[in-house]
Amino acid sequence: MNTESYIIDQLRKFLEHKKLTGFNIILQKPKDDAHGDYACNLAMQLAGSLKKSPKQIAEEIISFIDINPEYIAKVEVAGPGFLNFFRAEENLYKSLQDLLAAGDTYGYSQKMGGKKAQIEFVSANPTGPLTIGHGRGAVFGDTIARLMEAIGYKVIREYYFNNAGRQMRVLGDSVRLRYLELTGDKIQFPEDYYQGEYIIDIAREIYAEYGERLRHEQDITLFKDKAETAIFSDIKNTIRRLGFEFDVFYNERSLYETGKIDAVIDSLTKKGLLEKRDGAFWFLSSKIGFDQDRVFIKSSGEPTYRLPDTAYHIEKIKTGYDLIIDIFGADHIATYPDVLAAVKALGYDTEKIKVLINQFVTLTENGEKVKMSTRKANFITLDELMDEVGVDVTRYFFLMRNINAHLNFDLTLAKTQSDENPVFYIQYAHARICSILRLAEERNVDKSVERRLDMLKENEEINLIKHLISFPAAVESSALSFEPHRLINYLFDLATLFHRFYTVCRVISDDKMLSISRLALIDAVKIIIHNGLHLLGINAPEKM
RNA sequence: GCGCCUGUAGCUCAAUUGGAUAGAGCGUUGGAUUCCGGUUCCAAAGGUUGGGGGUUCGAUUCCCUCCAGGCGUACCA
């Protein structure tokens with residue numbers, strides 16, 4: 001047992017003794033060291049129902065609970081009625097020992113063990129290479145997946161796409177026109193067609209294979225299929241470069257082929273929530289609290305995205321996932337409430353669905369905004385970005401900000417391979433540790449000497465240890481709040497604490513016992529930086 | 001007009017989900033290194049948390065209102 005769970009245990013006994021229910025015991029880590037290692041506001045919470053002052057209640061709690069010196073060194077009442085707990089130092093070293101023993105598995109838990117999660121993200125239709133806009137969603141989604149795995153979920157990464165519809169027809173025809181251009185025909189290339197260079201590349205491949213045989217081909221199917229294959233293979237390569245793969249590529253078409261779409265239409269009609277009007281079928285969302293109805297099937301007979309999306313989400317729920325995460329860009333923000341409403345109206349529990357929206361990325365270079373437009377093809381692709389700054393920087397920059405805030409991607413800073421770049425700051429700490437460990441090997445530091453972790457008494461050492469052993473809590477809070485940037489901040493702070501320790505404390509010295517102990521400490525830092533960066537999909541280099 | 005997101009130091013952003021004196025990086029100014037990687041460390045200056053109300057022991061956080069920006073608001077996805 002660690003100090004934290006011991007305290008919670010004791011406080012729970014107090015609540016039981018007083019027969020109080022419905023109160024949350026929250027231990028927080030105070031910012032100020034003078035406020036101890038754990039602070040609890042329980043007394044303030046109880047003031048209302050016990051009709052006593054928080055300070056009085058706090059005193060009462062202290063005299064009731066069992067203060068075992070193995071875990072707690074001291075408790076104080078402070079401020080408006082906080083209980084401040086000071087951890088027994090012994091327990092600190094024991095926790096550090098646990099960390100070292102766990103190694104690569106430290107920080108991973110089975111809190112959600114046995115549960116299954118599905119995460120749908122990227123889901124870009126195969127009309128062009130992934131852009132920086134997709135990049136944020138891709139890196140975020142993969143990292144959420146890693147965090148879910150870290151707390152015990154079995155995770156499926158899923159990519160949903162649609163290779164039918166107007167977009168794809170335009171794509172096919174764009175390729176056809178570029179092909180005709182290669183055969184020497186004069187063509188007019190419409191402005192709203194796909195302007196990118198990659199379209200010409202695909203046309204070139206077709207020309208190489210078929211020569212001029214397709215010159216009078218009116219059917220665009222071949223062009224469309226070739227384009228889809230080429231683009232998807234590109235997308236998969238980009239994803240692989242980013243450091244992960246999808247488990248499932250889900251084609252929207254299968255929802256039609258298996259009758260899932262018709263089933264939704266039938267059920268909605270039976271519920272009186274679908275109505276034909278002006279030749280189109282409307283989902284009567286105004287009947288269930290929305291301000292307007294939405295078209296599910298256009299008068300042309302083609303469904304809007306809302307219908308298959310509804311069927312798709314019902315499929316997800318039926319599969320039996322314990323957690324279903326959708327990651328969308330901000331431009332899809334209006335699309336999910338009515339889809340979820342339709343799903344719910346059909347009697348499915350949408351509680352398990354968590355929708356995460358990522359705001360847009362603005363790219364700046366030398367302090368100026370870089371304008372991007374997909375159609376005009378002056379966008380920067382994700383591959384080009386990785387070519388410029390590398391995978392580690394790409395991932396770090398996409399993750400370092402809260403997902404619901406706009407991200408300012410500073411290309412100039414990202415390209416800087418120096419201390420200004422926060423990625424290198426963390427990686428440098430890791431490389432520096434590896435270097436010290438190598439030196440210890442070279443100098444044959446005597447390993448037979450007993451390790452005494454309790455010799456680590458400097459302020460810088462204590463602070464470092466405290467931060468190290470809070471890693472599992474940092475992972476868990478990052479995962480449960482779906483906020484990877486918390487883990488980034490944790491690691492940045494860890495690197496700072498390490499560098500501070502390094503300037504004050506010499507690791508390899510004449511004091512063999514202390515050297516061995518400090519080597520263990522920096523080994524612990526190495527483990528945590530490695531585990532933490534791994535959860536973010538970022539490398540922890542041994543040399544830089 | 002309506003819906004969602006955002007507004008915190010000169011700039012880019014945090015803030016333990018309602019906690020104690022709002023913190024980092026960059027930039028500015030001034031310092032530290034005989035030594036394990038100076039891509040390092042220390043210090044100073046810098047704030048009416050967009051404005052105004054409210055809720056309570058306590059608000060950057062919750063509610064209302066106004067202001068500013070982004071994204072939507074299609075029988076496009």
Side-chain angles (χ1 to χ4, degrees), chain A residues 26-32 34-35 39 41 44 47-48 53-55 78-82 84 123-125 127 162 165-167 277-282 290-292 294-306 308-309 329-337 357-360 362 364 367 400-408 410 413 416-422 424-425 427-429 431-440 442-443 470 473-474 477 480-481 483 485-486 488-490 492-493 495-496 498-509 515 518-519 522 543-544:
Chain A
I26 301 163
L27 285 191
Q28 25 193 357
K29 273 176 63 183
K31 295 171 209 161
D32 191 337
H35 298 146
N41 63 356
M44 280 127 81
S53 83
K55 285 192 178 186
F82 285 102
N84 291 340
S123 295
N125 288 339
T127 58
N162 169 17
R166 195 188 62 89
Q167 272 187 37
R277 201 190 301 156
D278 308 324
F281 285 88
W282 293 75
F290 285 80
D291 57 340
Q292 54 180 310
R294 298 290 184 177
V295 170
F296 265 41
I297 304 173
K298 299 185 248 178
S299 49
S300 67
E302 269 185 307
T304 66
Y305 64 89
R306 292 174 214 268
D309 267 16
D331 53 339
H332 286 244
I333 212 155
T335 76
Y336 75 91
I357 303 285
N358 65 75
Q359 293 295 321
F360 282 158
T362 346
T364 57
M400 69 181 175
R401 302 303 178 210
N402 194 321
I403 200 71
N404 50 33
H406 296 241
L407 173 66
N408 194 329
D410 186 340
L413 176 61
T416 322
Q417 304 231 346
S418 79
D419 56 335
E420 288 170 45
N421 193 326
F424 293 117
Y425 181 78
Q427 290 183 324
Y428 179 71
R432 189 178 233 182
I433 290 168
C434 292
S435 163
I436 301 170
L437 294 174
R438 278 194 300 269
L439 188 78
E442 282 166 29
R443 292 199 188 164
S470 70
S477 94
L480 295 178
S481 63
E483 293 183 338
H485 76 277
R486 289 182 183 220
I488 292 239
N489 290 339
Y490 169 90
F492 192 87
D493 290 344
T496 302
F498 166 73
H499 288 308
R500 220 171 261 168
F501 154 83
Y502 175 86
T503 41
V504 177
C505 303
R506 196 175 163 77
V507 178
I508 302 170
S509 65
S515 298
R518 284 185 171 162
L519 283 168
I522 66 167
K543 285 180 183 173
M544 290 175 73

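Because the structure is a prediction, the values reported are computed rather than measured. So you know, we letter chains A, B, ... as the sequences are listed, proteins then strands, and number each from 1.
Side-chain N/O atoms of A:R306 include none lying less than 4.0 angstrom from OP1 or OP2 on B:C76. Under 4.0 angstrom from either OP1 or OP2 of B:U39 there lies no side-chain N or O belonging to A:Y502. For B:G19, neither phosphate oxygen OP1 nor OP2 lies less than 4.0 angstrom from any side-chain nitrogen or oxygen of A:K31. For A:S435, a side-chain nitrogen or oxygen approaches OP1 or OP2 of B:G37 to under 4.0 Å.
With hydrogens and angles ignored, no donor-acceptor pair closer than 3.5 Å exists between the side chain of A:D331 and the base of B:G72. The base of B:C75 has none of its N or O atoms less than 3.5 Å from a complementary donor or acceptor on the side chain of A:S300. Taking only distance into account, the side chain of A:N84 meets the base of B:A20 through a donor-acceptor pair shorter than 3.5 Å.
Across all strands shown, A:M544 has heavy atoms under 4.0 Å from base atoms, whether or not it also approaches the sugar-phosphate. Counting any heavy atom pair closer than 4.0 Å across all strands shown, A:N41 reaches a base atom. A:I508 comes within contact range of at least one nucleobase, with a heavy-atom separation under 4.0 Å. Residue contacts shown for A:E483 include a base, since a base heavy atom lies under 4.0 Å away. A:A473 comes within contact range of no nucleotide atom at all, as no heavy-atom separation falls under 4.0 Å. Residue contacts for A:Q292: at a heavy-atom cut-off of 4.0 Å it reaches the sugar-phosphate backbone alone, with no base atom in range. Residue-level contact check: A:C434 touches neither bases nor backbone, having no heavy atom under 4.0 Å from any strand. Across all strands shown, A:P80 has heavy atoms under 4.0 Å from base atoms, whether or not it also approaches the sugar-phosphate. Contacts of A:S481 with the nucleic acid, taken as non-hydrogen atoms under 4.0 Å apart, include base atoms. When heavy atoms are screened at a 4.0 angstrom cut-off, A:A34 is found touching no nucleic acid atom at all. Counting any heavy atom pair closer than 4.0 Å across all strands shown, A:L413 reaches no nucleic acid atom.
Nearest nucleotide to the side chain of A:T503, out of B:U17, B:U40, B:A77: B:U40. The listed nucleotides are B:G37, B:A20, B:A15; the one nearest the side chain of A:H485 is B:A15. Nearest to the side-chain atoms of A:Y428 among the listed nucleotides B:C75, B:C36, B:U40 stands B:U40. Closest to the A:F424 side chain, of the nucleotides B:C36, B:C75, B:U39, is B:U39. When distances run from any side-chain atom of A:R294 to the nucleotides B:G19, B:U40, B:A74, the shortest one goes to B:A74. Checking B:A77, B:U17, B:G37 against every side-chain atom of A:R486, the shortest atom distance belongs to B:U17. The side chain of A:H499 lies closest to B:U40, out of B:U40, B:G25, B:C57. Residue A:A39 places its side chain closer to B:A20 than to any other of B:U40, B:A14, B:A20. Across B:C75, B:C13, B:C36, the shortest atom-to-atom separation from the side chain of A:L439 is found for B:C36.
Rounded to whole Å, the separation between the P atoms of B:U65 and B:C4 comes to 11 Å. Across B:A20 and B:C26, the matching P atoms stand 26 Å from one another, rounded to whole Å. Across the P atoms, B:U60 and B:U55 are found 16 Å apart, a figure rounded to whole Å. Remark: the separation of the P atoms in B:G54 and B:A44 is 37 Å, to the nearest Å. For B:G50 and B:U6, the P atoms lie 12 Å apart once the distance is rounded to whole Å. With C1' as the reference atom, B:C5 and B:G31 are 44 Å apart, rounded to whole Å. Between B:G19 and B:C41, the distance separating the two C1' atoms is 32 Å to the nearest Å. For the C1' atoms, the distance linking B:C13 with B:A43 amounts to 23 Å, nearest Å.
Protein atom CZ of A:R166 is 14 Å distant from nucleotide atom P of B:C75, rounded to whole Å. We find that NE2 of A:H35 is positioned 16 Å from C1' of B:G23, with the value rounded to whole Å. Rounded to whole Å, the distance from OH on A:Y425 to P on B:C26 is 9 Å. The CD atom of A:Q359 sits 13 Å away from the C1' atom of B:G3 (whole-angstrom rounding). B:U6 atom P lies 9 Å from atom NE2 of A:H406, rounded to whole Å. In this structure, the CG atom of A:D278 is 15 Å from the P atom of B:A74, given to the nearest Å. Here B:A43 presents its P atom at 7 Å from CZ of A:R500, a figure rounded to the nearest Å. When the C1' atom of B:U6 is taken as reference, atom CD1 of A:I333 falls 11 Å away, rounded to whole Å.
In terms of heavy atoms, A:I522 sits closest to A:I433 at O-CG2, 3.4 Å. Contact detail for A:K55 and A:G79: the closest heavy-atom pair is CE-O, 3.0 Å. Minimum heavy-atom separation, A:I508 to A:I436: CD1-O, 3.8 Å. Between A:T304 and A:P308 the shortest heavy-atom distance is O-CD, 3.0 Å. When all heavy atoms of A:F424 and A:T416 are compared, the pair lying nearest together is CE1-O, 3.4 Å. When all heavy atoms of A:H485 and A:M400 are compared, the pair lying nearest together is CB-O, 3.5 Å.
Side chains of A:D278 and A:S299: no donor on one and acceptor on the other come within 3.5 Å.
In this structure, A:F82 counts as stacked on the base of B:A20 under the 5.5 Å centre distance and 30° plane angle limits. Taking a centre distance below 5.5 Å and an interplanar angle below 30 degrees as the stacking criterion, A:H332 does not stack against the six-membered base ring of B:A77.
Shown here, B:U29 forms a base pair with B:A43; the pair counts as Watson-Crick or G-U wobble because both key distances fall under 3.5 Å. Across all strands shown, nothing is found opposite B:U55 as a Watson-Crick or G-U wobble partner with both distances under 3.5 Å. Nucleotide B:U8: unpaired (no Watson-Crick or G-U wobble partner with both distances less than 3.5 Å). Across all strands shown, B:G37 remains unpaired; no Watson-Crick or G-U wobble contact has both distances below 3.5 Å. As the counterpart of B:G1, B:U73 is assigned, both hydrogen-bonding distances of the Watson-Crick or G-U wobble pattern falling under 3.5 Å.
Counting only distance, with no hydrogens or angles, the side chain of A:R401 and the backbone of A:H406 share no donor-acceptor pair below 3.5 Å. In this structure, the side chain of A:N358 does not engage the main chain of A:I403 through any donor-acceptor pair within 3.5 Å.
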Does the pair A:H332 and A:I357 meet the rule for a side-chain contact (heavy atoms from CB on, under 4.5 Å), with working shown? CA-CA 8 Å; A:H332 286 244; A:I357 303 285; 5.7 Å; no
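Classified by its glycosidic torsion, B:U28 falls in the anti category, the angle being over 90° from 0.
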